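A quick note: this is a predicted structure, and the numbers were derived from the prediction, not measured. Whatever order the structure lists them in is the order used to number ligands and atoms, beginning at 1.
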Amino acid sequence: MSHIPYARQWVNQEDVDALIAVLNSDWLTQGPVIAEFEKKVAQYCGVRYAVAVANGTAALHIACQAAGLGSGDLLWTSPNTFTASANCAFYCNATPDFVDIDPSTYNLSVEELETKLVDAEKTGSLPKVVIPVHFAGQSCDMERIQALSRRYGFTVIEDACHAIGGNYKNRKVGSCQFSDMAVFSFHPAKVITSGEGGLITTNSEETYEKLCLLRTHGITKDERFMEGNSIDGPWYYQQIELGMNYRISDIHAALGLSQLTRIDSFVLRRHELVECYNKELADLPITLPWQHADTWSAFHLYVIRLNLDEINQTRKEVFERLRAENIGVNVHYIPVHTQPYYRRHGFSQKSFPEAEKYYSETITLPLYPLMTKGQQDYVIEALKEILHG
Ligand SMILES: *Cc1c(COP(=O)(O)O)cnc(C)c1O
């Protein structure tokens, strides 16, 4: 069997045609396709505004800036995530901290969050921003997180990079029904891709205006936002904030827009594959991904946990044996607080035990809509062979 990756994009001829059309058009960037992409994502998610940017990390950065995160502020997120979810605190000269995970969903635990908020209130160290991460595509318990945000006064930015196409309480993730903003990534490993790309959704007009400014240098041509009254002429613009160049190009947006038309079929195909894994792997000494009844996951990832006390092998041995079979297994995630950069900022090895325990047992199996039955059967047989012998 040739190499089976853990994730893979699905680009078809329609996508290619959409790209060629942009390349032959008048605009390669800042043209009409970006606005069209934003409009379609907003419609899909059932949200008022969408701002497309260069990548998911850029989206997290300006979402934090728009939330007013700055020096002296705290940002809390899950340790079981890609480092970008926490790095955005450092970008804003704020301090990141973590909330341990729920042992069944591997998402930030709302109980832990509440306990930590109660303590923080006593010591005057409440967070300004909390970033729940919808790990593997399953939404966090947003209704309860929003209730806590109202009580303790923090902004909620959903890191929904895994979760576009998923639902929470029958609403699309990204609807921001229970949050201030939600952030997506369109990296090729994610549910849909634009090559590189990211996007922020919000229902707040004020937040939307801020995000648009921060995306392009803090520059505006809109007189409503200008200072003073000396409009020098039609060429005039003002820089009123310090923004970045985080624009997405029309080329990338065209790929994203074309992919968006197939998002539901991608997620359905992921669910089919997940059901097959769940059925075929049920008797192995592993823990399958547990799903909360309020959620319909986008299944960006299929993660299993090895019941190590029933297996006479280490996680590393199982992982290496799967890799030796040409199966591109992976591990999501090394807890962010254990990274050297974070240790240098004072996080010790043993501070979030659920995330660390989960990390020591987990393996991500290949999952992507183009995966064939033959490929999946091969992965299933290899895992059975390795775990049962
Ligand atoms: C992919 C990802 C990001 C970053 O997105 P990029 O587009 O790669 O910058 C952030 N958070 C999570 C949880 C991700 O999976």
Side-chain angles (χ1 to χ4, degrees), residues 5-9 37 41 50-65 75-92 96 98-99 101-102 105-108 129-140 142 156-166 173-174 179 181-201 211 214-215 244-249 251-253 255-256 259-260 270 297-303 330-337 339 341-342 355 358-359 362 364 367-368:
Y6 91 87
R8 199 202 137 95
Q9 72 280 4
F37 181 43
V41 174
V51 179
V53 292
N55 53 64
T57 306
L60 284 164
H61 181 192
I62 63 172
C64 287
Q65 284 184 314
L75 176 154
W76 294 0
T77 188
S78 169
N80 183 34
T81 186
F82 184 55
T83 60
S85 315
N87 287 343
C88 50
F90 289 120
Y91 297 159
C92 296
F98 301 94
V99 177
I101 62 170
D102 178 282
T105 61
Y106 319 140
N107 277 333
L108 172 151
V129 169
V130 172
I131 303 191
V133 181
H134 304 322
F135 177 72
Q138 176 170 221
S139 176
C140 297
M142 292 310 300
V156 180
I157 302 172
E158 298 171 71
D159 183 336
C161 288
H162 296 183
I164 192 167
V173 169
S179 70
M181 288 174 257
V183 164
F184 296 130
S185 165
F186 306 121
H187 180 280
K190 307 290 164 77
V191 177
I192 58 168
T193 188
S194 62
E196 292 276 6
L199 185 139
I200 307 119
T201 59
L211 292 169
L214 292 166
R215 170 174 58 179
M244 316 290 289
N245 175 359
Y246 278 167
R247 290 188 305 265
I248 191 171
S249 76
I251 303 168
H252 294 86
L255 179 55
Q259 290 252 308
L260 186 65
R270 286 176 179 275
S297 179
F299 274 116
H300 161 55
L301 300 174
Y302 187 85
V303 300
N330 213 323
V331 167
H332 297 92
Y333 282 98
I334 305 163
V336 179
H337 66 281
Q339 295 289 355
Y341 186 82
Y342 282 78
Y358 160 77
Y359 166 62
T362 194
T364 305
L367 179 70
Y368 48 93

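- Within the 4.5 Å cutoff, no side-chain heavy atoms of Ile164 are placed close to those of Lys190.
- Using a 4.0 Å heavy-atom cutoff, Gly198 is absent from the residues neighbouring ligand 1.
- Between the CD atom in Gln138 and the OG1 atom in Thr105 there is a gap of 6.0 Å [rounded to 0.5 Å].
- The shortest separation from a heavy atom of Tyr333 to ligand 1 is under 4.0 Å, placing the residue in contact.
- Remark: ligand 1 and Glu196 share no N or O pair separated by less than 3.5 Å (distance only, no angle test).
- Close contacts of ligand 1 with Ser85, meaning ligand atoms under 4.0 Å from a residue heavy atom, involve 11 (N).
- Using a 4.5 Å heavy-atom threshold, the side chains of Val130 and Thr77 count as separate.
- His134 and Glu158 share a donor-acceptor pair across their side chains, judged by distance under 3.5 Å alone.
- Residue-level proximity to ligand 1 for His300 is absent, since no heavy atom of it falls below 4.0 angstrom.
- Inclusion of Asp159 in the set of residues having an N or O under 3.5 Å from an N or O of ligand 1 is warranted.
- Distances from ligand 1 to the non-hydrogen atoms of Lys190 include at least one value under 4.0 Å.
- Of the N or O atoms in Ala84, none lie within a sub-3.5 Å distance of an N or O in ligand 1.
- To the nearest 0.5 Å, atom CZ of residue Phe186 and atom CD of residue Gln9 are 15.0 Å apart.
- In the vicinity of His162, heavy-atom distances shorter than 4.0 Å reach the ligand 1 atoms 13 (C), 14 (C), 15 (O).
- When non-hydrogen atoms are compared, ligand 1 lies under 4.0 Å from the backbone of Thr57 as well as from its side chain.
- The residue Phe135 has no part lying near ligand 1, judged by heavy-atom distances below 4.0 Å.
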